[in-house]
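In this chain, numbering begins with 1 at the start of the sequence shown. Note that the structure is predicted; figures quoted are calculated from it, not measured.
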Amino acid sequence: MHGRMVQYGTIAYPEIRKIMKESPEECWKDLQKTISDIREEVGRVIVGQEEVVEQMLAALLCRGHCLLVGVPGLAKTLLVSTLGEVLGLKFSRIQFTPDLMPADIVGSEILQGSAEGTRRFEFVPGPIFAHLLLADEINRTPPKTQAALLEAMQEKQVTVAGTSRTLESPFVVYATQNPVEHEGTYPLPEAQLDRFFFQINIEYPSAADEEEILRRTGGMEQPSARALLDAQKVLEMQRVVTQVPVPDDVYSLIVRLVQNTRPDTPGAPDMVKKYVACGAGPRAGQCLLAAARALALLRGRVSVSPAEVKAALHPVLRHRLIPNYTATGEGVSMEKVIDSLM
């Protein structure tokens with residue numbers, strides 16, 4: 001293991017040196033210490049939800065956007081804002097409503113007057129100009145406004161009055177959806193859902209965690225987190241993730257998994273053939289590979305193993321598999337179909 005750690009340090013040495021300024025082996029230890037400190041600092045504010053925090057961190061390190069699905073009151077906003085605070089990133093929140101316009105997100109040009117009596121248009125940036133953007137209840141706003149956000153997610157820029165403006169880096173969107181209330185909503189089409197790196201389902205806390213939440217938040221002082229990094233160091237960590245070694249058998253595993261989500265693939269599981277109308281495309285494989293690399297780094301592994309691929313399978317695939325009428329009629333969730341893949 002010692003030799004493998006040194007080998008990994010050599011592979012990732014240029015980028016880790018930018019972060020830690022140490023020898024390869026020391027860089028690896030210090031990088032893992034930084035990751036541990038991030039988890040601990042987030043844990044000062046967020047009780048439990050370790051898997052959710054890990055997935056959010058993995059997506060951020062992969063420059064991927066997330067769709068957070070959970071009922072109201074599960075601290076989705078607090079999760080994103082705390083993560084931004086710990087990583088030293090600028091956080092912004094948009095409450096999506098039926099009357100929200102694209103200009104409310106990206107910004108607009110306003111006619112300004114000067115003391116000399118001259119007038120000119122000045123661009124006033126919208127809330128999208130942030131590092132971490134929380135798009136709260138994205139399915140509450142019409143498709144035109146949804147498209148303005150999704151274009152920025154893909155292109156990392158916005159165009160106003162014919163002028164393109166680059167968004168700040170890193171730029172990651174965490175969009176939320178309420179899985180219960182669908183009245184007055186505009187569901188995201190499958191093509192737009194595929195733009196999200198992960199769909200993260202947030203569940204209710206355990207009884208012990210819920211009691212701890214009451215103890216922490218029931219007093220006058222509310223728990224807070226401190227900044228450990230900044231935007232530049234986060235960008236450097238994103239580059240480190242791309243250098244995590246991947247064995248050939250893991251590449252083959254990812255290809256087999258993605259291809260087996262398609263009903264017409266020979267050897268696909270019976271549940272896929274019975275319940276899936278349309279399987280995942282090549283982008284799912286790219287996301288699986290990137291997520292597995294990020295999870296390996298977060299878990300202190302020197303290379304990617306099938307365990308990291310399995311851990312990323314549900315958040316990568318659950319919003320990319322389209323159920324057929326049989327699945328809808330029988331109430332079969334895509335979660336069970338994904339379980340059958342492994």
Specify the closest pair of heavy atoms between Ala231 and Ser169, including all atoms of both residues, with the distance to one decimal. CB-O, 4.2 Å
One should read off an interatomic distance between Glu308 CD and Leu298 CG, to the nearest 0.5 angstrom, of 10.0 Å
For a 4.5 angstrom cut-off between non-hydrogen side-chain atoms, does His131 reach Pro170? yes
Say you draw a straight line from CG of Leu149 to CD1 of Ile94; how long is it, rounded to the nearest 0.5 Å? 6.5 Å
Quick check against the 3.5 Å criterion: does Thr82 have a side-chain atom that pairs as donor or acceptor with the backbone of Val45? no
Quick one: does Pro323's side chain get under 4.5 Å of Val276's, heavy atoms only? no
Quick one: closest heavy-atom pair of Asn139 and Thr176, and the distance? OD1-O, 4.4 Å
Check whether the side chains of Asn201 and Gln199 place a donor and an acceptor atom closer than 3.5 Å, and report yes or no. yes
Once you round to the nearest 0.5 Å, how far does SG of Cys287 lie from CG of Leu317? 9.5 Å
Judged by modelled atom types alone, do Gln154 and Arg195 share a side-chain donor-acceptor pair under 3.5 Å? yes
Heavy atoms, side chains only, cut-off 4.5 Å: are Pro269 and Leu341 in contact? yes
Would you name the heavy atoms of Phe96 and Glu137 that are closest together and state the gap between them? CB-O, 3.2 Å
Would you give the length of the straight line joining atom CD of Gln146 to atom CG of Leu100, rounded to the nearest 0.5 angstrom? 10.5 Å
Let's go through Ile254 and Val250 carefully: what are the C-alpha distance in whole Å and the side-chain angles of both, what is the deciding distance for side chain to side chain contact (heavy atoms under 4.5 Å, CB included) to 0.1 Å, and is it a yes or a no? CA-CA 6 Å; Ile254 291 173; Val250 172; 4.1 Å; yes
Does any part of the side chain of Gln286, heavy atoms only, come nearer than 4.5 Å to the side chain of Pro282, both counted from C-beta? no
Around atom CG of Asp249, are there more than 12 heavy atoms of other residues, nucleotides or ligands at under 6.0 Å? yes
Could you check whether any side-chain heavy atom of Ile200 comes within less than 4.5 Å of a side-chain heavy atom of Tyr174, counting everything from C-beta outward? no
Nearest 0.5 Å, what's the CD-CG distance between Glu335 and Leu313? 10.0 Å
Side chain to side chain contact (heavy atoms under 4.5 Å, CB included) between Met237 and Leu31: does it pass, once the steps are laid out? CA-CA 9 Å; Met237 289 185 71; Leu31 185 57; 3.9 Å; yes
Just checking, any donor-acceptor pair under 3.5 angstrom between side chains of His314 and Asp339? yes
Run Val172 and Phe197 through side chain to side chain contact (heavy atoms under 4.5 Å, CB included) and show every step you take. CA-CA 10 Å; Val172 174; Phe197 186 83; over 6 Å; no
Measure the shortest side-chain to side-chain distance between Met271 and Val332 over non-hydrogen atoms and say whether it is less than 4.5 angstrom. yes
Taking 4.0 angstrom as the limit, do Arg215 and Glu212 come out as a salt bridge? no
When you check the side-chain N and O atoms of Glu330 and Tyr275, is any donor under 3.5 Å from an acceptor? yes
Where do Arg44 and Glu41 land on the salt bridge (Lys or Arg N to Asp or Glu O under 4.0 Å) test, with the steps shown first? CA-CA 5 Å; Arg44 290 167 55 89; Glu41 200 64 27; 3.2 Å; yes
Does the side chain of Thr265 come under 3.5 Å of the side chain of Asn260 through a donor N or O and an acceptor N or O? no
Under 4.0 Å between a Lys/Arg side-chain N and an Asp/Glu carboxylate O for Asp37 and Lys33? yes
Output side-chain donor-acceptor pairs under 3.5 Å for residues 48-70, partner residues at least two apart or in another chain, one line each.
{"from": "Gln49", "atom 1": "NE2", "to": "Glu203", "atom 2": "O", "distance (Å)": "3.3"}
{"from": "Glu51", "atom 1": "OE2", "to": "Gln55", "atom 2": "NE2", "distance (Å)": "3.4"}
{"from": "Glu54", "atom 1": "OE1", "to": "Arg299", "atom 2": "NH2", "distance (Å)": "3.1"}
{"from": "Glu54", "atom 1": "OE2", "to": "Arg39", "atom 2": "NH2", "distance (Å)": "3.3"}
{"from": "Glu54", "atom 1": "OE2", "to": "Arg299", "atom 2": "NE", "distance (Å)": "3.2"}
{"from": "Arg63", "atom 1": "NE", "to": "Gln238", "atom 2": "OE1", "distance (Å)": "3.4"}
{"from": "His65", "atom 1": "ND1", "to": "Val173", "atom 2": "N", "distance (Å)": "2.9"}
{"from": "His65", "atom 1": "NE2", "to": "Met153", "atom 2": "O", "distance (Å)": "3.0"}

Evaluate whether atom NZ of Lys144 has more than 12 neighbouring non-hydrogen atoms of other residues, nucleotides or ligands under 6.0 angstrom away. no
Side-chain donor/acceptor of Arg320 to backbone N/O of Asp194, under 3.5 Å: yes
Checking Thr141 side chain against Thr97 main chain: does a donor-acceptor pair fall under 3.5 Å? yes
Spacing of CD belonging to Gln177 relative to CZ belonging to Arg140, to within rounding of 0.5 Å: 10.0 Å
Decide yes or no on side chain to side chain contact (heavy atoms under 4.5 Å, CB included) for Ser305 and Arg301, but give the supporting numbers first. CA-CA 8 Å; Ser305 74; Arg301 297 188 59 90; 3.5 Å; yes
Does atom CG (Asp270) have a neighbourhood of more than 12 heavy atoms from anything else shown, all under 6.0 Å? no
Can you see which heavy atom on Val272 is nearest to which on Ser340, and at what distance? CG2-OG, 4.5 Å
Indicate yes or no: at least one non-hydrogen side-chain atom of Leu83 is less than 4.5 angstrom from one of Phe91. no
Looking at Ala280, is its backbone amide N or carbonyl O close enough to the side chain of Arg262 to form a donor-acceptor pair, meaning the two atoms are under 3.5 Å apart? yes
With the side chain counted from C-beta on, respond yes when Leu321 and Ile338 share a heavy-atom pair under 4.5 Å apart, and no when they do not. yes
